[in-house]
Colleague: 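Just passing along the structure, written as structure tokens.
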Amino acid sequence: MTARRAAGWLALAGIVALSFNLRPAAVSVGPLLAEVRDAVGLSTEGAGLLTSLPVLAFSGFGALTPRLAARLGIHRATLLAVVAVTTGLGGRALVSDPLPFLLLSALALAGMAAANVLLPSLVKLHYPERIGRVTAVYTTAMAIGLTGALLLTVPVADALGSWRWGLGVWAVLGLLAALPWVLLARRDDSPGHARRRAISVGQVARTRLGLAMAGFFGLQSLQAYVAFGWYAQVWRDAGYSPAAAGALVALLAAVSIPLSLTVPSLAASRRDQRRVGFTLIACYPVGFAMLLASPATLAVPAALFIGAGCCVFPLALVMIGLRTRTPEGTAALSSFSQAGGYLLAGLGPFGFGWLHEATGSWRVPLVAMLVLVVPLALLMAYVGRPRELEDQLAPPA
């Protein structure tokens with residue numbers, strides 16, 4: 001096996017291991033939110049901030065990632081992201097006050113944000129001819145990690161006697177994920193992996209494609225993070241136990257496992273991704289109608305349809321690679337789409353909780369989620385057409 005091929009396999013192993021760790025930091029709190037609030041003294045506002053932290057971290061730290069990668073090298077930047085995720089996950093399970101808990105959660109989510117931005121660029125760098133296949137592999141790994149965090153967090157906490165174990169156990173996977181990147185980080189010193197000039201976020205912000213991708217990414221993320229942050233509580237209030245409500249959200253996430261294996265490859269095989277996108281987006285209204293009609297008796301089919309709608313996420317990730325020609329373009333579009341998109345999405349979990357608090361019902365916030373499907377579909381009509389970012393870029397000042 002040649003050194004280049006060995007590096008390719010090591011990169012694939014690192015990408016997959018990293019992907020497993022990119023959702024527990026964000027979603028493992030949801031099924032245990034009531035227990036965490038009581039233990040660390042989180043107020044209603046603090047709980048809303050906690051559920052909004054993933055999208056806020058993605059927005060704030062995602063924008064810094066291309067410069068960090070250009071300065072340190074993409075593999076070293078990825079290693080730093082893994083270390084941040086692991087430290088935050090382990091540390092927040094040990095504290096007993098709201099501020100340290102929020103800060104350590106933010107650290108884990110900052111690493112998660114940086115890694116999310118870097119992954120499409122890593123795929124473009126190591127596998128430029130297999131973007132669809134490799135994106136399918138790593139988004140499926142994300143889906144498995146997401147499902148495992150939602151399904152296992154409460155049982156682990158119950159088995160070991162504390163919510164701290166339920167949250168802290170995910171730091172172990174972070175340690176394992178760091179190993180390939182320790183080896184790959186050395187390659188940033190080699191001539192073939194010289195640091196390159198990053199395309200600025202400002203350049204992307206002046207393109208129609210960049211703005212549309214940010215809006216598209218933001219609206220699909222808003223839907224997903226409201227689902228993972230609040231729907232367990234919706235089902236608990238409908239009469240389900242904490243474990244059963246967590247299992248329903250895990251079912252919602254599990255739908256993305258088979259779809260993540262097929263959606264990126266299917267999208268990459270076509271020049272136009274609109275038909276794939278519209279099919280997935282159409283699942284949202286069906287699921288919301290079921291939740292509005294009967295969140296208790298129609299919980300399972302509602303979870304299945306909303307979960308299918310959430311698979312717009314792997315489609316958005318593969319389109320970042322398909323809408324660019326270079327790794328630098330991919331990094332820039334990934335950064336702007338996720339940073340700008342998550343800034344928009346940050347309104348979702350907080351707003352969903354505020355609407356529930358103001359109305360005393362889940363009906364109004366669910367109707368709001370249904371209405372937001374419309375602009376998501378309109379943006380899909382633009383970003384799904386074949387075009388490339390580099391063709392819209394103005395030269396740097």
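When reading the values below, keep in mind they use all heavy atoms of this one structure, side chains included, and skip hydrogens, waters and symmetry mates.
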Colleague: Might you work through the side-chain hydrogen bond (donor to acceptor under 3.5 Å, both in side chains) test for Thr153 and Trp163, ending with a clear yes or no?
Modeller: CA-CA 8 Å; Thr153 295; Trp163 63 268; over 6 Å; no

Colleague: Holding to side chain to side chain contact (heavy atoms under 4.5 Å, CB included), I want the full list of residues that pass it with Pro258, two or more places apart in sequence or in another chain.
Modeller: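 Per chain and number, Pro258 pairs via side chain to side chain contact (heavy atoms under 4.5 Å, CB included) with no residue.
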
Colleague: Using every non-hydrogen atom in the two residues, find where Asn21 and Val85 come nearest and quote the distance to one decimal.
Modeller: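 Shortest heavy-atom separation between Asn21 and Val85 comes out as O-CG1, 3.9 Å.
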
Colleague: Under 6.0 Å from the CZ atom of Arg133, do we count more than 12 heavy atoms belonging to anything else shown?
Modeller: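 No, not enclosed.
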
Colleague: Looking only at non-hydrogen atoms, find the nearest pair between Ser221 and Ala345 and report the distance.
Modeller: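 The pair with the smallest heavy-atom distance is CB-CB, 3.8 Å.
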
Colleague: Should Leu175 and Leu22 be counted in the same cluster of Ile, Leu, Val, Met, Phe, Trp and Tyr side chains packed under 4.5 Å apart?
Modeller: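 No, it is not one cluster - the side chains of Leu175 and Leu22 are not joined through contacts under 4.5 Å.
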
Colleague: Give me the one residue out of Ile281, Val263, Leu266 that meets side chain to side chain contact (heavy atoms under 4.5 Å, CB included) with Leu315.
Modeller: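 Among the candidates, only Val263 passes.
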
Colleague: Show me the pairs that pass side-chain hydrogen bond (donor to acceptor under 3.5 Å, both in side chains) and involve residues 238-247, at least two apart or across chains.
Modeller: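 Matches after skipping sequence neighbours: none remain.
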
Colleague: Go through it in stages, so that I can follow the logic: the residues are Val249 and Trp235, the test is side chain to side chain contact (heavy atoms under 4.5 Å, CB included), and I'd like the CA-CA distance, side-chain angles, deciding distance and then a yes or no.
Modeller: CA-CA 9 Å; Val249 181; Trp235 280 311; 3.8 Å; yes

Colleague: Taking ILVMFWY side chains as joined if any heavy atoms are under 4.5 angstrom apart, and letting links pass through other members, which residues group with Leu355?
Modeller: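 Its cluster mates, by chain and number, are Trp354, Val364.
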
Colleague: Suppose we screen for side chain to side chain contact (heavy atoms under 4.5 Å, CB included). Which residues come up paired with Val82, at least two apart in sequence or across chains?
Modeller: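 With sequence neighbours excluded, Val82 shows a side chain to side chain contact (heavy atoms under 4.5 Å, CB included) to Leu18, Thr86, Ala177, Ala178, Trp181, given in chain and number order.
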
Colleague: Output yes when a side-chain donor or acceptor of His126 lies under 3.5 Å from a complementary backbone atom of Ala11, and no otherwise.
Modeller: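 Checking the backbone N and O of Ala11 against the side chain of His126, no donor-acceptor pair under 3.5 Å is found.
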
Colleague: Can you see which heavy atom on Ser19 is nearest to which on Ala141, and at what distance?
Modeller: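 Reported closest heavy-atom pair: CB-CB, 3.7 Å.
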
Colleague: List, one per line, each side-chain donor-acceptor pair under 3.5 Å for residues 102-119, sequence neighbours excluded.
Modeller:
residue: Ser105; atom: OG; partner: Arg92; partner atom: NH1; Å: 3.1
residue: Ser105; atom: OG; partner: Phe101; partner atom: O; Å: 2.8

Colleague: Between Phe217 and Phe313, what is the ring plane arrangement, given parallel below 30°, perpendicular above 60°, and tilted in between?
Modeller: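 Perpendicular.
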
Colleague: Sequence neighbours left out, what passes ring-ring contact (aromatic ring centres under 6.0 Å, His included) with Tyr284? Give chain and number order.
Modeller: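 Partners of Tyr284 by the ring-ring contact (aromatic ring centres under 6.0 Å, His included) criterion, ordered by chain and then number, come out as Phe288.
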
Colleague: Ignoring hydrogens and geometry beyond distance, is a side-chain donor-acceptor pair present between Gln338 and Ser334 at under 3.5 Å?
Modeller: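 Side chains of Gln338 and Ser334: pair found under 3.5 Å.
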
Colleague: Would you mind writing out the side-chain donor-acceptor pairs for residues 317-326 within the sub-3.5 Å range, not counting sequence neighbours?
Modeller:
residue: Arg323; atom: NE; partner: Val383; partner atom: O; Å: 3.0
residue: Arg323; atom: NE; partner: Arg385; partner atom: O; Å: 3.2
residue: Arg323; atom: NH1; partner: Gln273; partner atom: OE1; Å: 3.4
residue: Arg323; atom: NH2; partner: Gln273; partner atom: OE1; Å: 2.3
residue: Arg323; atom: NH2; partner: Val383; partner atom: O; Å: 3.2
residue: Arg323; atom: NH2; partner: Gly384; partner atom: O; Å: 3.0
residue: Arg323; atom: NH2; partner: Arg385; partner atom: O; Å: 3.2
residue: Thr324; atom: OG1; partner: Ile320; partner atom: O; Å: 3.2
residue: Thr324; atom: OG1; partner: Gly321; partner atom: O; Å: 3.3
residue: Thr324; atom: OG1; partner: Thr330; partner atom: OG1; Å: 2.7
residue: Arg325; atom: NH1; partner: Glu388; partner atom: OE1; Å: 2.5
residue: Arg325; atom: NH1; partner: Asp391; partner atom: OD1; Å: 3.1
residue: Arg325; atom: NH1; partner: Asp391; partner atom: OD2; Å: 3.4
residue: Arg325; atom: NH2; partner: Asp391; partner atom: OD1; Å: 3.2
residue: Thr326; atom: OG1; partner: Gly329; partner atom: N; Å: 2.9
residue: Thr326; atom: OG1; partner: Glu390; partner atom: OE2; Å: 3.2

Colleague: Could you check whether Arg387 makes a cation-pi contact with Tyr382, meaning its NZ or CZ is under 6.0 Å from the centre of the six-membered ring and within 45° of the ring axis?
Modeller: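 Geometry flag: set, cation within 6.0 Å and 45°.
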
Colleague: Mind checking side chain to side chain contact (heavy atoms under 4.5 Å, CB included) for Ala282 and listing every partner two or more places apart, or none if nothing turns up?
Modeller: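 Partners of Ala282 by the side chain to side chain contact (heavy atoms under 4.5 Å, CB included) criterion come out as none, since no residue qualifies.
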
Colleague: If you group Ile, Leu, Val, Met, Phe, Trp and Tyr whenever their side-chain heavy atoms sit less than 4.5 Å apart, what else falls in with Leu298?
Modeller: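 Val286, Met290, Phe305, which link up through side-chain heavy atoms under 4.5 Å apart, make up the rest of the cluster.
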
Colleague: Indicate yes or no: does Arg270 engage Asp272 in a salt bridge with an N to O separation below 4.0 Å.
Modeller: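 No, no charged N to carboxylate O under 4.0 Å.
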
Colleague: Determine, using the 4.5 Å side-chain heavy-atom cutoff (strictly less than), whether Val300 and Ile306 are members of one ILVMFWY cluster.
Modeller: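 In one cluster: yes.
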
Colleague: Please answer: with hydrophobic residues joined when any side-chain heavy atoms are less than 4.5 Å apart, are Leu125 and Val123 in the same cluster?
Modeller: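 Same cluster: Leu125 reaches Val123 through Ile, Leu, Val, Met, Phe, Trp or Tyr contacts under 4.5 Å.
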
Colleague: Pairs in or reaching into residues 248-279: which pass ring pair (Phe, Tyr, Trp, His ring centres under 6.0 Å), with residues at least two apart or in two chains?
Modeller: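 Every candidate ring pair (Phe, Tyr, Trp, His ring centres under 6.0 Å) pair involving residues 248-279 fails, so no pair, neighbours aside, qualifies.
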
Colleague: According to the side-chain hydrogen bond (donor to acceptor under 3.5 Å, both in side chains) rule, which pairs have a member within residues 251-267, sequence neighbours left out?
Modeller: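 For residues 251-267, and leaving out neighbouring residues, there are no side-chain hydrogen bond (donor to acceptor under 3.5 Å, both in side chains) pairs at all.
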
Colleague: Short question: side chain of Gln220, backbone of Ala316 - any donor-acceptor pair under 3.5 Å?
Modeller: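 No, because the side chain of Gln220 does not come within donor-acceptor range (under 3.5 Å) of the backbone of Ala316.
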
Colleague: Using a side-chain heavy atom cutoff under 4.5 Å and only I, L, V, M, F, W and Y, what cluster partners does Leu94 have?
Modeller: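 When side chains under 4.5 Å apart are linked, Leu94 ends up in no cluster with other residues.
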
Colleague: Restricting to non-hydrogen atoms, name the atom on Ala381 and the atom on Arg274 that form the minimum distance, rounded to 0.1 Å.
Modeller: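 Taking Ala381 first and Arg274 second, the nearest heavy atoms are O-CD, 3.3 Å.
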
Colleague: Is the shortest side-chain heavy-atom distance between Leu10 and Leu184 below 4.5 Å?
Modeller: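 Yes, side chains in contact.
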
Colleague: For the aromatic rings, using the six-membered ring if either is Trp, is the centroid distance between Phe352 and Trp362 under 6.0 Å?
Modeller: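 Yes, the ring centres sit under 6.0 Å apart.
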
Colleague: Using a 3.5 Å distance criterion without hydrogens, assess whether the side chain of Arg236 forms a donor-acceptor pair with backbone atoms of Ala245.
Modeller: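 Judged by distance alone, no pair lies under 3.5 Å.
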
Colleague: Check for me, please, whether Leu122 and Leu179 land in the same ILVMFWY cluster - side-chain distances under 4.5 Å, paths through other members count.
Modeller: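 In one cluster: no.
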
Colleague: Counting heavy atoms not belonging to Arg130, are there more than 12 under 6.0 Å from its CZ?
Modeller: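 Atom CZ in Arg130 is not packed in, count stays at 12 or less.
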
Colleague: Val367, Val373: one ILVMFWY side-chain cluster at the under-4.5 Å cut-off?
Modeller: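 Yes, same cluster.
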
Colleague: Evaluate the side chain to side chain contact (heavy atoms under 4.5 Å, CB included) criterion for residues Leu252 and Phe228: first the C-alpha distance (whole Å), next the side-chain angles of each, then the deciding distance (0.1 Å), finally the verdict.
Modeller: CA-CA 9 Å; Leu252 186 154; Phe228 299 134; 3.5 Å; yes

Colleague: Under the side chain to side chain contact (heavy atoms under 4.5 Å, CB included) rule, what do Met369 and Val226 come out as? Steps first, then yes or no, please.
Modeller: CA-CA 9 Å; Met369 299 301 291; Val226 168; 3.7 Å; yes

Colleague: Given the rule in the side chain to side chain contact (heavy atoms under 4.5 Å, CB included) test, do Leu376 and Phe216 qualify, once you have shown the distances and angles that lead to the verdict?
Modeller: CA-CA 6 Å; Leu376 179 64; Phe216 180 71; 3.7 Å; yes

